[in-house]
Enquirer: 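Encoded as structure tokens, here's the structure I'll be asking about.
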Amino acid sequence: MKSKNVAIVGTGYVGLVTGACLAEIGHRVTCVDSDKKKIQALKKGVIPIYEPGLPEVVAANRRLRRLSFTGNLEEAMETAEVVFIAVNTPPLPNGEADLSFVEAVARQVARSLRRYMVIVEKSTVPVNTGEKVKQTLRLHGKKGAAFDVASNPEFLREGTAVRDFLKPDRIVIGVESARAEAFLRELYAPLKAPLLVTDIKSAELIKHASNSFLAMKISYINAVAGLCEKVGADVARVAEGMGFDPRIGAAFLRAGLGYGGSCFPKDVDAFIKMAEAAGQDFALLKAVREINDGQRKWAVERLRKSLWNLRGKTIGVWGLAFKPDTDDLRNAPALDIIRALQREGARVQAYDPVAMAKAKPQFPGVRFARNAEDAARGADALLLATEWKEFKKVDLARVKSLMRTPVFVDGRNVFDPAALAALGFTHHSVGRR
Ligand SMILES: NC(=O)c1ccc[n+]([C@@H]2O[C@H](COP(=O)([O-])OP(=O)(O)OC[C@H]3O[C@@H](n4cnc5c(N)ncnc54)[C@H](O)[C@@H]3O)[C@@H](O)[C@H]2O)c1
């Protein structure tokens, strides 16, 4: 393989992992970000996010001089053969994706384009963004500048991002020219992964269609959990029975507080909006979203059901991040639930193994506990909101002895309801007796 010169614009969860991992497979990568503090930290070897395995990959490749950081895109483009756009695409108030960061990068790239380059959309973007990027490059670039635009959606999961990138289920590239296809095939060749080549629009849709499908699985099992509660069945056994069918699969059939994070909620919203703009009412996904919102309300209702009035009560919350093994708090169910509890006058004491530093500035009214036991101390009820492994190892008998009243809401179905009952907890699990 001939190693390539790569520029990545946007050094967040996706950009940093992409940059570090492309360096790991032998390319020379420059990661660019407009956030000066982030670049300064990275230059000193400080990794701004919690992602298992990432610090080691970054350090090793910096040592080999295959990975560097800069705030200056023009400088990175001097040697680059390919530019990945990996900036954020946050939701607008109406649910559409805000593409202003993508546009800003496309304009900057256009101004520095001196020779043929492949410009790759790595951010999750709505269908037709490739067209818009192309238009922008033509409008702001030098007349006749040679480039290809490609779509290469990212499927990594926070918490296992490095492994997901280096051992992907598939790589999708949407291209319009044989030259861009050949280039990207070569770039990814060392990964020896299944590679699907499509047109740009199909590649763009694959990402939204995949995330929305996974969100749908989660909402489906949560709706089944609601029914299980009503009829007295156990959703864990129902999911187990469904999962044996290879057409269904066991993954993403865990009832709980629903999906959160920086991707699923915004991607479902954006997909609904995208369909609407194209003249299609994606009613199925509207129901997915509604069911998901309902799971957060479920937690507050269960606490209310057990404690009657929440005013003046102390609620311990285990877990803040939207899922284990990440410090990402974006759209985390725990945060919505804490806000709802505070609105009702409850006091909240929370503990998360890694996300507390990021949560503290957002929640001045919350007492941040030293550990899981400390979050239970004196509590009228405990809510498990994120299924960190560490919570599974806690001595529940001791936890119960620390609480004012032994009410346990297991929002992620981590514990066996029978075990909670045997310990004397008044307990609620999602869709389980
Ligand atoms: N986080 C995930 O798990 C994940 C997975 C797959 C896809 N995605 C998608 O990838 C994209 C990036 O997500 P993320 O989680 O890495 O976002 P992020 O917010 O962590 O990082 C984005 C970075 O882009 C930088 N940036 C913004 N505008 C810039 C500009 N003009 N020039 C240089 N840098 C700029 C920001 O400073 C930030 O550091 C989004 O579209 C997201 O939907 C995310």
Side-chain angles (χ1 to χ4, degrees), residues 7-21 30-42 47-52 54 69-77 83-92 96-112 119-126 129 133 136 140 151-165 168-172 203-204 206-212 214-215 259-271 274 321-323 325-332 358:
I8 314 261
V9 193
T11 310
Y13 285 88
V14 166
L16 184 55
V17 172
T18 303
C21 291
T30 309
C31 285
V32 185
D33 206 286
S34 51
D35 180 340
K36 289 194 184 82
K37 273 200 203 136
K38 198 176 261 191
I39 293 297
Q40 269 164 14
L42 285 161
I47 308 296
I49 53 170
Y50 175 84
E51 186 57 53
L54 185 60
F69 302 99
T70 176
N72 186 338
L73 173 58
E74 221 178 312
E75 177 194 308
M77 280 187 60
V83 178
F84 281 85
I85 305 178
V87 295
N88 36 334
T89 50
L92 288 166
E96 280 175 31
D98 180 353
L99 297 172
S100 57
F101 301 99
V102 174
E103 186 192 343
V105 175
R107 288 169 73 149
Q108 268 183 288
V109 168
R111 285 195 290 270
S112 311
I119 322 294
V120 183
E121 311 168 337
K122 189 61 145 166
S123 299
T124 301
V125 291
T129 304
V133 169
T136 307
H140 298 273
S151 165
N152 172 218
E154 183 49 59
F155 299 102
L156 62 78
R157 294 162 297 177
E158 288 175 20
T160 52
V162 171
R163 195 177 65 211
D164 291 344
F165 194 95
D169 312 320
R170 80 296 209 189
I171 294 165
V172 172
E204 289 168 338
I206 286 169
K207 176 65 189 175
H208 275 100
S210 301
N211 273 3
S212 298
L214 293 171
Y259 57 80
S262 69
C263 292
F264 285 10
K266 99 172 156 56
D267 292 350
V268 168
D269 280 356
F271 210 25
M274 216 184 295
F322 83 95
K323 66 173 185 178
D325 296 321
T326 179
D327 61 349
D328 199 341
L329 291 164
R330 291 177 285 186
N331 236 308
K358 283 193 175 165

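Order of listing sets the numbers, starting from 1, for every ligand and every atom in it.
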Enquirer: Please list the nearest protein heavy atom to atom 40 (C) of ligand 1 with its residue and the distance rounded to 0.1 Å.
Expert: T89 OG1, 3.5 Å
Enquirer: Can you find an N/O atom of F101 closer than 3.5 Å to an N/O atom of ligand 1?
Expert: no
Enquirer: Give yes if a backbone or side-chain nitrogen or oxygen of T124 is under 3.5 Å from a nitrogen or oxygen of ligand 1, and no if not.
Expert: yes
Enquirer: One residue to check: S34. Relative to ligand 1, which of side chain, backbone, both or neither has a non-hydrogen atom less than 4.0 Å away?
Expert: both
Enquirer: Assess the side chains of S100 and D98: does a donor N or O sit below 3.5 Å from an acceptor N or O?
Expert: yes
Enquirer: Tell me whether D33 has any N or O atom under 3.5 angstrom from an N or O of ligand 1.
Expert: yes
Enquirer: For V9, take its heavy atoms, then give the atoms of ligand 1 lying under 4.0 Å from any of them.
Expert: 32 (N), 33 (C)
Enquirer: Backbone, side chain, both or neither: what part of A86 comes under 4.0 angstrom of ligand 1, heavy atoms only?
Expert: backbone
Enquirer: Between R330 and D328 (salt bridge meaning N to carboxylate O under 4.0 Å), is one present in this structure?
Expert: yes
Enquirer: Can you tell which part of R330 has a heavy atom less than 4.0 Å from ligand 1: side chain, backbone, both or neither?
Expert: side chain
Enquirer: Between K38 and ligand 1, does any nitrogen or oxygen pair lie at a separation below 3.5 Å?
Expert: yes
Enquirer: Which residue holds the protein heavy atom closest to atom 1 (N) of ligand 1, what is that atom called, and what is the gap in Å?
Expert: E158 OE2, 2.8 Å
Enquirer: I want to know if ligand 1 touches Y13 in the polar sense, i.e. an N/O pair below 3.5 angstrom.
Expert: yes
Enquirer: May I ask you to identify the nearest protein heavy atom to atom 31 (N) of ligand 1, giving residue, atom name and distance to one decimal place in Å?
Expert: V105 CG2, 3.6 Å
Enquirer: Hey, could you give me the CG/CG distance between L73 and D33, rounded to the nearest 0.5 Å?
Expert: 11.0 Å
Enquirer: Decide whether the shortest distance between a heavy atom of K266 and an atom of ligand 1 is less than 4.0 Å.
Expert: yes
